Amino acid sequence: MVVTAEQIRARIAELGAEITEDYRGRTPLLVGVLKGAFMFMSDIARAVALPVEFDFMAVSSYGSATKTSGVVRIVKDLDMDLSDRDVIIVEDIVDSGLTLQYLRRNLLARHPASIAVCAMLLREGLQKHDPDLRYVGFSIPPDFVVGYGLDVGERYRNLPYICVYKGAAH
Ligand code: IMP
Ligand code: MG
């Protein structure tokens with residue numbers, strides 16, 4: 001399975017237009033989840049025709065290289081105050097949904113005006129709870145993927161497309 005650079009570009013233009021429509025008159029705060037979402041964040045931001053602000057969070061989930069345990073640690077917290085902000089969490093991929101569930105709860109406790117999630121990829125059928133994603137780039141089958149920000153052991157993040165990683169035991 002491959003998502004080409006051209007498919008990514010076209011889908012991001014659509015998502016950007018939707019976000020522009022949905023947040024007209026407001027200044028959303030984009031919260032990028034490092035490291036995987038860095039490339040998606042930069043492209044989606046340029047597709048939104050509104051004033052936006054940025055912040056980043058880094059989380060690490062305990063587990064093997066290719067599986068999440070659901071135990072999440074904040075490695076770098078946000079710099080900005082979320083109170084009364086319209087927050088859009090920008091995620092690379094929602095797999096079990098556990099990372100996102102943790103993040104959403106954590107950010108909701110900071111009293112934003114709203115929280116929505118924009119995920120580049122949704123792995124179909126693996127979520128234990130409804131992950132409630134407002135914007136999804138692509139739904140993908142269960143294979144482990146790399147590229148466009150996604151890594152295995154910090155490699156392949158710079159591929160301009162997304163493809164299945166064949167070398168992983170998972
Ligand atoms: P979740 O908590 O199971 O939803 O896992 C989400 C996190 O695991 C993502 O933010 C990624 O960092 C990582 N991840 C899950 N699937 C993949 C994949 O196929 N390739 C690269 N990283 C992945
Ligand atoms: Mg991630």
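Just follow the structure's listing: the first ligand is 1, and inside any ligand the first atom is 1. Along the sequence shown, the residues carry numbers beginning at 1. This is a predicted model, so every value here is computed, not measured.
The closest approach between any non-hydrogen atom of K35 and ligand 1 is not below 4.0 Å. Ligand 1 is approached by V145 to a heavy-atom distance shorter than 4.0 Å. Ligand 1 has G97 within reach: a non-hydrogen atom of the residue lies less than 4.0 Å from it. Distances shorter than 4.0 angstrom do not occur between any heavy atom of L100 and any atom of ligand 1.
Atoms of ligand 1 found under 4.0 Å from any heavy atom of E91, numbered from 1 in the order shown, are 10 (O). Remark: ligand 1 atoms within the under-4.0 Å shell around heavy atoms of I93 are 6 (C), 9 (C), 10 (O), 11 (C), 14 (N), 15 (C), 16 (N), 17 (C), 19 (O), 23 (C). Ligand-side atoms of ligand 1 in range of L150: 21 (C), 22 (N), range being under 4.0 angstrom from any heavy atom.
For the pair D151 and ligand 1, the shortest N or O to N or O distance does not fall below 3.5 Å.
When only modelled atom types and interatomic distance are considered, D22 and Y135 share a side-chain donor-acceptor pair under 3.5 Å. Judged purely by distance below 3.5 Å, without hydrogens or angles, the side chains of Y165 and D143 never pair a donor atom with an acceptor atom.
Heavy atoms only, all atoms of each residue included: D55 and D79 are closest at OD2-N, 2.8 Å. When every heavy atom of P51 is checked against every heavy atom of P28, the shortest pair comes out as O-CD, 3.5 Å. D86 approaches Y23 most closely through the heavy-atom pair CB-CE2, 3.9 Å.
Taking CG from L30 and OG from S42, the interatomic distance works out to 11.0 Å, rounded to the nearest 0.5 Å.
Contacts between T99 and ligand 1 below 4.0 angstrom, taking non-hydrogen atoms only, involve backbone and side chain alike.
Taking 4.0 Å as the cut-off between side-chain N and carboxylate O, R134 and E18 do not count as a salt-bridged pair.
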